[in-house]
Amino acid sequence: MIFWFIAIAVTAIACAALLYAGRRRVVNGSTAETADANSHFRLVLAGIDADLAAGKIGAEEAVGAKGELAREMLRAKADTGPAASGEIGRGALVAGIGLVAVTALALYGLLGSPNMPTQPLAGRADVAAQNMSLEAAIARIEAQLATNPEDLRGWTVLAPALLEVGRYADAADAYGRVIDLSAPTAQLLADRAEALLLAAGDAGSEEAMGLLRAAAEMDPKHVQSRLYLAAELTRMGQYEEAARFWQAAIDLAKGDEVWLTAARQGLSVAQNDGVDTTVQEQAEMIRGMVDGLTSRLYADGGTIEEWAQLVRSYIVLGDLPNAQTAYDRAVVAYPLAFDRGELDSMALGAGLKLNGDQR
């Protein structure tokens, strides 16, 4: 009931404002606009008489001028008659405003919901959805799907959400429902296979391997299915087939993919029957660089920064005897402790000894 009082009051105020705005009234009217309209003609008539008395015009000319002045007075009087019929009268204005107000209130009473209780902003569905946690959102979607299991959109949203929270088996089932309710694609098959593999852990999944093979056959350019197949085949020791899938994925790359380095390493492992030669190759490359730096510093000397780099490199390689030798030679080259502050801290922190083997 309070609502209706407020609505009527607001409507009345709006109608009063419209009525006030529609009134006919003179605004800032000047004295000249409200003066006698015939004063001008009296002055003209007096002028004609003065000209006649002075002999400037004849009697006939004076009569003609007065006749023309009379006709002009009649025309002016006709122009200042009743207001134009196109203007809206006060009665019509009041009736129109009242009709609009009554119609608006009647329509709201018929179509609106004035008896609905107030709903705070925090309780609105759209605001609540924004503040909802992922787990709560999943529970809500699952409840809706329980009553409408054919809702493809719901399953499509639910499947990746379940994967995100670690419910891998449920995610695989959800992806299965998406595949059943829609046309299967290579991506959907790979997504279900991924969920199955994560659920199985190190045990692997034959169903997942079948889905990945189907996805790879369905789309010759689908990278994800080939990467998963290559990784699983490598884990299973089937290196020859794994190498084919690693190479197939690498061939589809554009060159800036984040997975490309791992794929090349996987290919190397598969081509070497499970032996990761990349680590050994990197170690050999680093060893060659260190040996070159060692030869130059031992023969010609260098800056304290270069000696620190050499000692650090031997420490990283785990070659502490050569690190001690390099540290001893650095101390001989730079006997003042003030010059070796960073080098001494690094060497002593790695277990090397000061003046351990001076030469």
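Here salt bridge (Lys or Arg N to Asp or Glu O under 4.0 Å) pairs that include residues 290-299, with residues two or more places apart or in two chains, are Arg296-Glu306. Every pair passing salt bridge (Lys or Arg N to Asp or Glu O under 4.0 Å) that includes a residue from residues 182-204 is listed here, sequence neighbours excluded: Arg192-Glu207.
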Run the numbers on Asp151 and Asn148 for side-chain hydrogen bond (donor to acceptor under 3.5 Å, both in side chains), then give the verdict.
CA-CA 6 Å; Asp151 183 7; Asn148 185 17; 4.5 Å; no

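Thr294 places a side-chain heavy atom less than 4.5 Å from the side chain of Tyr314. In this structure, Arg244 and Gln247 have side chains that are not in contact, with every pair of non-hydrogen atoms separated by 4.5 Å or more. A heavy-atom distance below 4.5 Å is found between the side chains of Leu162 and Glu142. Side chains of Ile141 and Val157 form a contact here, defined as non-hydrogen atoms less than 4.5 Å apart. At least one side-chain heavy atom of Leu212 sits under 4.5 Å from a side-chain heavy atom of Leu197.
Thr234 and Trp246 share a side-chain donor-acceptor pair at under 3.5 Å. For the residue pair Asn272 / Tyr239, no side-chain donor-acceptor distance below 3.5 Å is found, with atom types taken as modelled.
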Identify all side-chain donor-acceptor contacts of residues 169-181 below 3.5 Å with residues at least two apart in sequence or on another chain.
residue, atom, partner, partner atom, Å
Asp170, OD2, Arg167, NE, 3.0
Asp170, OD2, Arg167, NH2, 2.9
Arg177, NH2, Pro149, O, 2.9

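Taking 4.0 Å as the cut-off between side-chain N and carboxylate O, Arg213 and Glu241 count as a salt-bridged pair.
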